[in-house]
Enquirer: 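Got a structure for you, questions after.
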Amino acid sequence: MGAYIIRRLLAVVPILFFMSVTIFLVLRIVPGDPARAMVGLEADPQAYEQARDLLGLDKPLYQQYLDWLGDALRGDLGRSYRSNESVTNLITDRVPLTFQLTLMAAALAIAIAFPLGVLAGANRNSLLDRLASVFAASGIAIPGFWLALILLTVFSVKLHWFQSFGFVPFSEDPVESVRSLVLPAVSLALPASAILTRMVRSSVVDAMNNDYVRTARAKGLKESTVVVRHVVRNSLIPVLTVLGIVVGQLLSGSIIIEVVFALPGLGRLAVDSILFRELVVVQGVVLLVATVTVFINLAVDLGYGLIDPRVKLR
Amino acid sequence: MSVDAGAGMSLADEIAIQRRRLPRLHRRDLPVYVAVGVVGVVALCAVAAPVLAPHDPAEQDLLFQFGSPSRDHPLGTDDLGRDVLSRLIYGSRVAAQVGLISVGIAILAGVPIGLAAGYAGRWVDTLLMRVMDALLAFPPILLAMAVIAGLGPGIRNAMIAIGIVFMPTYARLARGSALVIKEMDYALAARALGAGPARVVLRHIVPNSLAPILVQASLGIGIAVIAEASLAYLGLGSQPPNPSWGIMLRQASSFLEEHWFASIPPGAAIFVLVLSVNVIGDHLRDVFDPRLRGR
């Protein structure tokens with residue numbers, strides 16, 4: 001197991017390296033001059049030179065990258081031009097909301113997708129299976145923010161079950177906090193659970209065709225025991241992979257949902273920063289979310305090793 | 001894969017074979033026919049928008065804001081009194097443009113990279129695919145936003161961003177095909193006859209690796225349409241007054257309390273189009289790779 005963990009950890013290094021280079025280059029090769037964008041067109045030459053100096057634009061590109069990466073690793077992501085606040089603070093203020101939203105949505109997506117996918121896969125071509133297929137196809141095709149708008153209209157504007165906007169921090173009032181994120185979490189979770197349902201179903205269908213299932217049936221086990229004890233466990237591995245991807249998508253999907261519900265999370269911060277051309281902030285958010293996503297997928301990889309000892313040998 | 005008909009075969013024989021090969025209209029395939037119909041209607045709207053739209057999509061009638069559906073305005077009017085149906089019809093142009101161009105960019109950028117990696121092998125392969133892996137490791141929307149942050153908001157940059165996000169998928173597919181096909185007897189034979197790398201790749205590898213790329217492209221169009229609408233909703237994609245479905249949703253969201261109906265037509269249009277494109281894509285995948293059928 002030790003060697004396996006080390007191998008997986010080492011595989012992450014080049015990915016993180018190329019990701020950081022991508023983030024750096026994409027946001028550094030801006031049409032126009034970042035220093036000019038920072039001080040404005042009418043600024044005097046001295047302020048402009050100061051800005052160039054501050055951004056390190058006179059240094060060679062690789063030096064700029066190393067400086068940026070070194071600072072980022074030490075937790076310094078630069079300063080916002082607009083508010084002069086440290087980007088790290090701006091981000092850490094907003095992480096709890098986005099984290100809680102992602103977690104709630106992931107829990108919900110799993111709670112929908114697992115039972116539905118297992119039942120559909122175990123009863124292939126039944127009415128339930130067909131309904132599950134329709135659910136999955138619709139969930140994949142529906143734009144999440146449109147679903148959010150519909151839920152907002154029905155449950156908040158018409159029925160007044162939930163407040164439309166606003167977030168109560170978990171530390172202040174856990175119940176209200178969860179309540180304030182129910183609609184956003186549902187809008188995030190439904191499309192994600194569609195993908196997961198498909199995956200769970202096809203994985204269960206695969207597992208049902210195995211010899212050990214026939215053996216289990218032949219020795220007289222109840223069908224429900226066969227499914228729960230033999231099929232579900234063996235169908236977990238492919239599902240786990242997709243789960244890692246889905247959590248990553250939830251994390252970035254929350255960007256749009258946060259804007260729909262006017263929630264002060266990471267997504268709102270990223271979108272505002274793009275509109276105000278505050279690339280330092282965008283860089284910070286993208287770097288953080290991308291890194292977290294890579295580590296979620298690493299955790300999933302390590303999870304395989306625990307569920308299925310065969311994986312380690314590969 | 002098509003099989004060349006023998007030279008001695010009569011036209012009647014050929015037609016008989018063709019007919020047998022055509023999939024029969026099956027109840028199970030009904031969704032596919034409906035989906036083709038929907039995509040056809042959207043394509044028609046995109047091509048013939050000026051003929052089909054009852055009004056100019058930009059024509060304002062400030063005395064008739066949020067008008068209810070009527071004979072003159074079948075889907076009512078929006079906050080500036082513009083005809084919703086006409087805007088919807090013109091919006092199909094944006095959707096078609098976004099779907100085709102973003103996927104086109106992804107294919108034109110990704111496939112050559114994948115072919116080069118797969119055919120050249122060694123360090124070229126390692127370097128190119130490591131970069132592609134890093135792009136794949138980004139959550140898609142996030143990468144698109146980062147690219148737009150660099151290039152600036154707008155529909156053109158949104159399409160470039162979506163193209164970059166999709167690029168690694170096509171690179172991987174093309175690389176996989178190149179790896180397999182370059183060892184095939186016919187590719188080896190071509191090389192033995194003195195064909196250079198360009199000829200082997202263009203004449204032998206590209207034509208034989210098209211099927212999975214086409215399937216992926218058909219599924220990609222749907223994702224691209226949703227992605228651009230999302231970006232437009234955030235203010236990062238197509239911009240007003242362009243009558244795109246994402247923009248219409250963005251405008252509708254400001255009047256949810258009083259006029260919730262405004263959010264239904266553009267959202268439903270996206271949903272139905274993407275659903276149809278996906279049904280077609282899934283069907284194409286079944287046709288090209290029957291092992292996956294019923295999964």
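Below, read A as the first sequence line, B as the second, and so on, with proteins coming before strands; counting in each chain starts at 1. The model shown is predicted, which means the values in this text are computed figures rather than measured ones.
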Enquirer: Name the member of A:Ser273, A:Pro143, A:Gly253, A:Ser203 that forms the most heavy-atom pairs with chain B at distances under 4.5 Å.
Expert: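 So the answer, after comparing A:Ser273, A:Pro143, A:Gly253, A:Ser203, is A:Pro143.
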
Enquirer: Any idea which heavy atoms bring A:Trp146 and B:Ile264 closest together, and the distance?
Expert: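 The answer is CZ2-O, 3.7 Å.
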
Enquirer: Only pairs of heavy atoms separated by less than 4.5 Å count here; which of B:Ser263, B:Pro153, B:Ala227, B:Pro140 has the most with chain A?
Expert: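 Among B:Ser263, B:Pro153, B:Ala227, B:Pro140, the one with the most close pairs to chain A is B:Ser263.
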
Enquirer: For a quick check under 3.5 Å, do A:Tyr65 and A:Ser20 share a side-chain donor-acceptor pair by atom type?
Expert: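 Their side chains do contain a donor-acceptor pair, which is all the 3.5 Å distance test asks for.
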
Enquirer: Has the side chain of A:Ser254 got a donor or acceptor atom that lies under 3.5 Å from a matching backbone atom of A:Ile257?
Expert: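 A pair under 3.5 Å: no.
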
Enquirer: What residue in B:Ile141, B:Val277, B:Leu249 has the most heavy-atom pairs under 4.5 Å with chain A?
Expert: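 Of the candidates given, the most pairs with chain A belong to B:Leu249.
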
Enquirer: Is it the case that more than 12 heavy atoms not belonging to B:Arg93 sit under 6.0 Å from its CZ atom?
Expert: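 Atom CZ in B:Arg93 is crowded, with more than 12 foreign heavy atoms closer than 6.0 Å.
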
Enquirer: Among B:Ile164, B:Val274, B:Leu142, B:Leu135, which has the most heavy-atom pairs under 4.5 Å with chain A?
Expert: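 Of the options given, most contacts go to B:Leu142.
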
Enquirer: Pick from A:Ser133, A:Ala137, A:Ser138: which one has the most heavy-atom pairs with chain B under 4.5 Å?
Expert: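 Heavy-atom pairs under 4.5 Å are most numerous for A:Ser138.
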
Enquirer: Which one of B:Gly235, B:Gly246, B:Ala229 has the most heavy-atom pairs closer than 4.5 Å to chain A?
Expert: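 The candidate making the most pairs under 4.5 Å is B:Ala229.
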
Enquirer: According to salt bridge (charged side-chain N to carboxylate O under 4.0 Å, His left out), does anything in residues 158-173 of chain B pair up with another residue at least two apart or in another chain? List the pairs.
Expert: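 Of all non-adjacent pairs touching residues 158-173 of chain B, those that pass salt bridge (charged side-chain N to carboxylate O under 4.0 Å, His left out) are B:Asp133-B:Arg172.
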
Enquirer: Between A:Asn125, A:Val271, A:Val282, which shows the greatest number of heavy-atom pairs under 4.5 Å with chain B?
Expert: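 Heavy-atom pairs under 4.5 Å are most numerous for A:Val271.
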
Enquirer: Are the charged groups of A:Arg198 and B:Asp282 less than 4.0 angstrom apart, N to O?
Expert: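 Between B:Asp282 and A:Arg198 there is a salt bridge, with a charged N closer than 4.0 Å to a carboxylate O.
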
Enquirer: Only pairs of heavy atoms separated by less than 4.5 Å count here; which of A:Ile15, A:Val294, A:Leu149 has the most with chain B?
Expert: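 Going by pairs under 4.5 Å, I would pick A:Leu149.
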
Enquirer: Below 4.5 Å, heavy-atom pairs only: which of A:Phe17, A:Phe18, A:Phe145 has the largest tally toward chain B?
Expert: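 Counting heavy-atom pairs under 4.5 Å, the top option is A:Phe145.
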
Enquirer: Hey, could you give me each pair passing salt bridge (charged side-chain N to carboxylate O under 4.0 Å, His left out) that has a residue in residues 252-270 of chain A? Not counting sequence neighbours.
Expert: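 The answer is A:Arg268-A:Asp272.
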
Enquirer: Is B:Arg175 reaching over with its side chain to a backbone N or O of B:Gly114, donor-acceptor style, under 3.5 angstrom?
Expert: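 Between the backbone of B:Gly114 and the side chain of B:Arg175 there is no qualifying donor-acceptor contact (under 3.5 Å).
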
Enquirer: I'd like to verify something: which residue of A:Ile142, A:Leu147, A:Val259 has the highest number of heavy-atom pairs under 4.5 Å with chain B?
Expert: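 The residue among A:Ile142, A:Leu147, A:Val259 with the greatest pair count is A:Ile142.
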
Enquirer: Side chain from CB out, backbone as N, CA, C, O: work out which of these in A:Leu251 comes under 4.5 Å of a heavy atom of chain B, or both, or neither.
Expert: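 Neither part, no heavy atoms under 4.5 Å.
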
Enquirer: Against chain A, label B:Leu236 side chain, backbone, both or neither, depending on which of its atoms sit under 4.5 Å from a heavy atom there.
Expert: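 The answer is the side chain of B:Leu236.
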
